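One structure below.
Every heavy atom of this structure was used, including side-chain atoms; hydrogens, water molecules and symmetry mates were not. It should be emphasised that the depicted structure is a prediction, and the values quoted were computed from it without experimental measurement.
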Amino acid sequence: MDSVLIDSYDTLLLDLDGVVYLGRQAVPGAPEALVQARDAGVRLAYVTNNASRTPAAIAEHLAHLGAPATPDDVVTSAQAAARLIAERVPPGSPVLVVGGMGLRSAVRARGLRPVTTAAEEPVAVAQGISPDLSYGLLCEGTLAVRQGAWFVAANADTTMPTNRGVLPGNGAMTRVIATATGVAPVVAGKPEPPLHRESMLRTGAERPLIVGDRLDTDIEAATRAGVDSLLVLTGVTGPMDLLTAPPEHRPTHIAADLSALHLPPAPVAQEGDAWTRAGWTAGWEGDRLRLTGVGDPVDGLRAACAAAWARATGGPVEEDGLKQVVEALDL
């Protein structure tokens, strides 16, 4: 029997929104692919920059969608931020939480004491997104940081997708305290190392595969950690994003969705000045990349990315030279 992609890994470190679900709905086929992975003996860990919900709430949502998950399978940026603080201060230290229940619970689980005012002399300020984040709490965080509290952000995502459109993320909200104090926060979430470290500590992974839909968080986190990555096209990243990706944003594998975990790997072959994959050929004509072929357009994208990345060893290719490829793929 031919080996499949997942055979090379013992743990999947999975992003959530855009990979497993979109809002409240499952990505088609994702729960079934994850059940199959679990049944094959692969550890699943759901790794999210979202610090607003508790692991129990996230696991309940996943289970409702049919994905195998328990609270122990969920790793959040709130947990990474809490560990970061707990490793620096004594147990029981007060931490001002500028965020929601997910962050408060993570701080408490690390043996720290969540507080809500600067008057309680917190040793750190932990900030995470929350739908009811108030001006008053931002003011308390500002006062605490001005008094010398260590400023830690669960993540630096400037935006977050919702069913109403793109809204401000935690990175945008941390700018309030950062601007008022002149102090930039230490960031725990992707692509910074603390969240990956938290994931590795919790899973004991030896051969992890990071799976995500964003180049600047999921894939960059894998690059920084020196581990393999899979970019799925069910979220925010499109063909042009991949073709123009700088080296730190280039995934090991590209796939339409999580079903690729159970298919053979899809290597691209170089033949002279051309790159080929399953009936597709990509090659340069001057400053223009040309893609020809028939079949699965994701195979065409794989060939085109190999050609584009080989040409741009130190950075991205100009978009004008890639327009024919995007038109040919029609993804």
Side-chain angles (χ1 to χ4, degrees), residues 1-50 53-77 79-80 190 195-214 217-219 221-222 225-237 251-267 277-278 296 298-299 301-302:
M1 180 183 296
D2 292 338
S3 65
V4 296
L5 181 62
I6 203 172
D7 290 341
S8 298
Y9 307 100
D10 65 356
T11 306
L12 298 180
L13 304 179
L14 297 139
D15 185 45
L16 288 173
D17 208 349
V19 176
V20 182
Y21 54 64
L22 291 166
R24 303 301 298 176
Q25 303 299 315
V27 170
E32 293 82 357
L34 295 175
V35 169
Q36 189 176 351
R38 179 203 59 188
D39 291 347
V42 175
R43 173 73 192 270
L44 306 181
Y46 302 95
V47 184
T48 176
N49 262 0
N50 189 327
R53 293 195 291 168
T54 65
I58 293 171
E60 182 180 5
H61 179 198
L62 289 167
H64 176 73
L65 297 177
T70 69
D72 288 341
D73 298 325
V74 178
V75 187
T76 71
S77 63
Q79 293 170 324
K190 294 180 283 188
L195 183 52
H196 178 74
R197 177 170 174 258
E198 185 75 19
S199 302
M200 299 299 285
L201 289 170
R202 288 178 177 271
T203 63
E206 296 181 358
R207 292 175 288 112
L209 177 67
I210 291 180
V211 185
D213 71 311
R214 297 183 71 106
T217 54
D218 306 311
I219 305 309
V227 301
D228 285 359
S229 59
L230 167 64
L231 187 285
V232 291
L233 298 172
T234 47
V236 300
T237 296
T252 312
H253 309 285
I254 301 168
D257 52 46
L258 290 179
S259 65
L261 293 168
H262 308 291
L263 298 174
R277 169 65 202 166
D296 185 346
V298 178
D299 282 322
L301 179 59
R302 291 166 176 144

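Atom CG of Asp213 sits about 6.0 Å away from atom OG1 of Thr234, to the nearest 0.5 Å. If you take OG on Ser3 and CG on Leu263, they are separated by 11.5 Å, rounding to the nearest 0.5 Å. The CG atom of Asp73 sits 11.5 Å away from atom CG of Leu12, with the distance rounded to the nearest 0.5 Å. Taking OG1 of Thr76 as the reference point, atom CZ of Arg202 lies at 7.5 Å (rounded to 0.5 Å). Annotation: the span from Asp15 atom CG to Ile219 atom CD1 amounts to 9.5 Å, rounded to 0.5 Å. Put simply, OG on Ser199 and CG on Leu14 are 10.5 Å apart, with the number rounded to the nearest 0.5 Å.
Other residues, nucleotides and ligands contribute only 12 or fewer heavy atoms inside 6.0 Å of the CD atom of Glu60.
Leu301 places a side-chain heavy atom less than 4.5 Å from the side chain of Leu233. At least one side-chain heavy atom of Arg38 sits less than 4.5 Å from a side-chain heavy atom of Val35. At a threshold of 4.5 Å between non-hydrogen side-chain atoms, the residues Arg302 and Pro267 do not count as touching. Contact check for Thr11 versus Leu209: no side-chain heavy atoms found under the 4.5 Å cut-off. In this structure, Leu195 and Val75 have side chains that are in contact, with non-hydrogen atoms separated by less than 4.5 Å.
Across all their heavy atoms, Ala260 and Leu5 have their closest contact at O-CB, 3.7 Å. The nearest pair of heavy atoms linking Ala222 to Asp228 is CB-O, 4.1 Å. Contact between Ala266 and Asp299 at its shortest, heavy atoms only, is CB-OD1, 4.4 Å. When every heavy atom of Tyr9 is checked against every heavy atom of Pro208, the shortest pair comes out as CD2-O, 3.7 Å. Minimum heavy-atom separation, Ala37 to Leu44: CB-CD2, 4.1 Å. The heavy-atom pair separating Ala255 from Leu230 by the smallest distance is CB-CD1, 3.7 Å.
Side-chain atoms of His262 do not come within 3.5 Å of backbone N or O of Ile6 as any donor-acceptor pair. Side chain of Arg207 to backbone of Ser8: a donor-acceptor contact under 3.5 angstrom is found.
Looking only at atom types and distance, the side chain of Thr70 has no donor-acceptor partner in the side chain of Asp72 under 3.5 Å away.
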- Message: Before you tell me yes or no, could you show the steps for Ile210 and Lys190 under side chain to side chain contact (heavy atoms under 4.5 Å, CB included), namely the whole-Å CA-CA distance, both residues' side-chain angles and the distance that decides it to 0.1 Å?
- Response: CA-CA 11 Å; Ile210 291 180; Lys190 294 180 283 188; over 6 Å; no

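Checked against Leu16 for a side-chain contact (heavy atoms from CB on, under 4.5 Å), the options Asn50, Ile58, Val27 give a single hit: Ile58.
Note on Arg43 versus Asp10: no salt bridge recorded, every NZ/NE/NH1/NH2 to OD/OE distance being 4.0 Å or above.
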